[in-house]
There are 2 protein chains.
Amino acid sequence: MAGRQARKNSPQRAAGPALWASVGARVRDRERKRDAVIMTAARAFRERGYHNTSLDDIARELNVTKPTVYHYVENKEQLLFECFRAGLKLIMDGIEEQRESTTTGRERLAAVIARYAEAITSDFGWCMVQAENQDLSPTMSRKVKSLKSEIDQGIRALIRAGVSDGSIRECDEKMTAFALAGALNWIAHWYRSDDKLAAAEIALRFVDLFELGLQPR
Amino acid sequence: MAGRQARKNSPQRAAGPALWASVGARVRDRERKRDAVIMTAARAFRERGYHNTSLDDIARELNVTKPTVYHYVENKEQLLFECFRAGLKLIMDGIEEQRESTTTGRERLAAVIARYAEAITSDFGWCMVQAENQDLSPTMSRKVKSLKSEIDQGIRALIRAGVSDGSIRECDEKMTAFALAGALNWIAHWYRSDDKLAAAEIALRFVDLFELGLQPR
DNA sequence: ACTCTAATTTACCCGCGAGTATATTTAGCC
DNA sequence: GGCTAAATATACTCGCGGGTAAATTAGAGT
């Protein structure tokens with residue numbers, strides 16, 4: 001049964017609106033559940049680490065059995081990948097949001113930093129930071145790398161924009177982007193959600209530090 | 001790892017086979033061999049990750065069998081811990097070195113940053129950054145936490161010193177230390193030893209960035 | 001009522017890898 | 001050479017956990 005796919009074209013048959021509505025509902029339902037699986041995995045990974053979390057653990061937390069998890073996700077690796085992607089998307093969204101802004105490069109960069117900090121303190125943040133290509137198949141690893149690179153390029157573009165509009169001084173664009181990303185990513189290592197410090201506040205101090213520097217002006 | 005470890009992260013690949021190679025002429029130096037085990041483990045962990053490295057792998061790289069590894073080390077966890085400690089020691093040394101200096105706080109901080117970058121690009125760097133309390137027993141985890149905290153406190157002390165001697169402007173000491181440590185630790189994620197950029201150069205740019213900030217002066 | 005599929009479970013397999021009991025080799029020593 | 005202890009090897013155990021086959025239930029569509 002699992003291997004055989006005899007009727008492949010049945011979903012294609014035209015049907016009335018009613019059918020589509022309920023099919024749509026079922027699809028949405030499935031997606032909702034799949035998301036729940038991924039979010040639960042993200043929390044578990046964050047709390048105990050990827051390798052210290054078994055799929056049985058995740059299933060148990062969902063009040064379900066392991067094969068059910070496999071019904072929504074191909075394997076453990078993909079689970080990690082999805083968490084990864086979810087986290088990266090949050091950041092990417094922040095960058096894209098600033099594409100339309102007309103403020104200075106420095107201000108746009110500050111806005112991106114704020115969203116970045118927000119993303120990194122989410123459950124997906126940990127996965128994003130900790131998920132090493134080492135735990136992913138070559139294919140997945142390539143995808144992750146490419147997504148990360150997109151973000152890196154986005155940040156560099158903002159720095160360049162700032163330099164050319166005069167809001168950011170001349171600097172090593174690459175190292176600056178790395179330092180920024182590093183400081184931000186590292187938040188995932190020390191941040192505890194019960195912390196008094198909200199992500200927004202952290203971002204504020206980081207922006208202050210990176211804009212003004214340590215040396216008195 | 002007793003004191004004398006490679007300060008420059010020169011190719012330390014020679015750790016393994018040579019010591020065991022010639023059956024007749026080998027020097028039986030327990031300490032040395034133990035260090036070789038730890039260094040080999042560090043390299044393996046860095047290359048493939050802690051959980052993706054078996055003790056058989058490490059043994060093989062040393063041209064030895066698993067029980068031999070166990071002869072020098074209690075278990076896998078301790079191996080990770082030792083790598084950890086070795087890395088942290090490199091950084092701690094850098095901090096301690098500046099205790100006697102009489103320059104400004106800002107200059108001492110810059111010196112510490114340079115040593116920190118050096119340490120983080122070593123094989124132990126990866127372990128230090130990646131080793132999560134999650135992979136360590138409560139006891140080990142506590143020790144690691146305490147060592148990390150020592151470093152954090154050391155950096156904060158330098159910042160305070162800088163503020164009070166006027167070389168560093170008033171700032172959020174805690175967040176500044178976190179941002180710095182984050183940027184530095186993150187180097188372990190992107191640095192490849194074949195990179196053109198030496199640790200010293202990275203440190204230089206980081207110091208520039210953190211001291212002067214992005215906003216034009 | 002009946003059917004067909006998607007969702008979920010029960011009950012398994014199996015390989016990997018941490019850790020070990022035990023034998024064997026080697027080095028130092030008298 | 002023969003004794004002892006350290007060093008290393010051979011050859012295991014064993015449980016955890018990823019993954020799966022097959023049976024069962026729920027539910028929409030007709």
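In what follows, every chain begins at residue 1, and chains take the letters A, B, ... in the order their sequences are listed.
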Interatomic distance where [atom1] belongs to [X] and [atom2] belongs to [N] [whole Å]:
{"X": "Ile58(A)", "N": "dG17(D)", "atom1": "CD1", "atom2": "P", "value": "12 Å"}
{"X": "Arg34(A)", "N": "dT8(C)", "atom1": "CZ", "atom2": "P", "value": "14 Å"}
{"X": "Asn52(B)", "N": "dG18(D)", "atom1": "CG", "atom2": "C1'", "value": "14 Å"}
{"X": "Leu136(A)", "N": "dG18(D)", "atom1": "CG", "atom2": "C1'", "value": "16 Å"}
{"X": "Asn63(A)", "N": "dA7(C)", "atom1": "CG", "atom2": "P", "value": "19 Å"}
{"X": "Leu79(A)", "N": "dG17(D)", "atom1": "CG", "atom2": "C1'", "value": "14 Å"}
{"X": "Leu62(B)", "N": "dT8(D)", "atom1": "CG", "atom2": "P", "value": "10 Å"}
{"X": "Arg32(B)", "N": "dA7(D)", "atom1": "CZ", "atom2": "C1'", "value": "18 Å"}

Next on the checklist: Counting only side-chain heavy atoms from C-beta out, which of dT8(C), dA9(D), dA6(D) sits nearest to His71(B)?
Outcome noted: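 Of the candidates, dA6(D) comes closest.
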
Checklist entry - Would Glu82(B) and Arg85(B) pass as an ion pair if we require N to O under 4.0 Å? => result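 Answer for the salt bridge query: yes.
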
Item to check | His189(A) and Trp186(A) aromatic ring geometry - parallel, tilted or perpendicular at 30°/60° bounds | outcome: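 Taking His189(A) first and then Trp186(A), their aromatic rings lie parallel (interplane angle under 30°).
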
Item to check | Short side-chain N/O contact from Thr68(B) to OP1 or OP2 of dT8(D), under 4.0 Å | outcome: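 No, outside the criterion.
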
Checklist entry - Would you say dA7(D) has OP1 or OP2 under 4.0 Å from some side-chain N or O of Arg30(B)? => result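 For Arg30(B), the contact criterion (side-chain N or O under 4.0 Å from OP1 or OP2 of dA7(D)) is met.
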
Checklist entry - When you check every protein heavy atom under 4.0 Å of nucleotides 18-24 of chain C, what one-letter string (B, S, -) results, 5' to 3'? => result BBB----

Checklist entry - Hey, are Tyr70(B) and Asn75(B) close enough side-chain-wise for a donor-acceptor pair under 3.5 Å? => result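 Judged by distance alone, the side chains do not pair up.
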
Checklist entry - Got Asp57(A) and Arg48(A) here, is their nearest side-chain heavy-atom distance under 4.5 Å? => result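 The answer is yes; the side chains approach within 4.5 Å.
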
Next on the checklist: Any heavy-atom pair between the side chains of Thr176(B) and Arg205(A) that's under 4.5 Å?
Outcome noted: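 Sidechains of Thr176(B) and Arg205(A): no contact.
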
Next on the checklist: Could you tell me if Arg156(B) sits above the aromatic ring of Phe178(B), with its cationic atom closer than 6.0 Å to the ring centre and no more than 45 degrees from the axis?
Outcome noted: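 The answer is yes; both the distance and angle limits are met.
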
Item to check | Ring-face cation contact, Tyr50(B) with Lys76(B), 6.0 Å cut, 45° max | outcome: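 Judged by the rule, Lys76(B) and Tyr50(B) form a cation-pi pair.
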
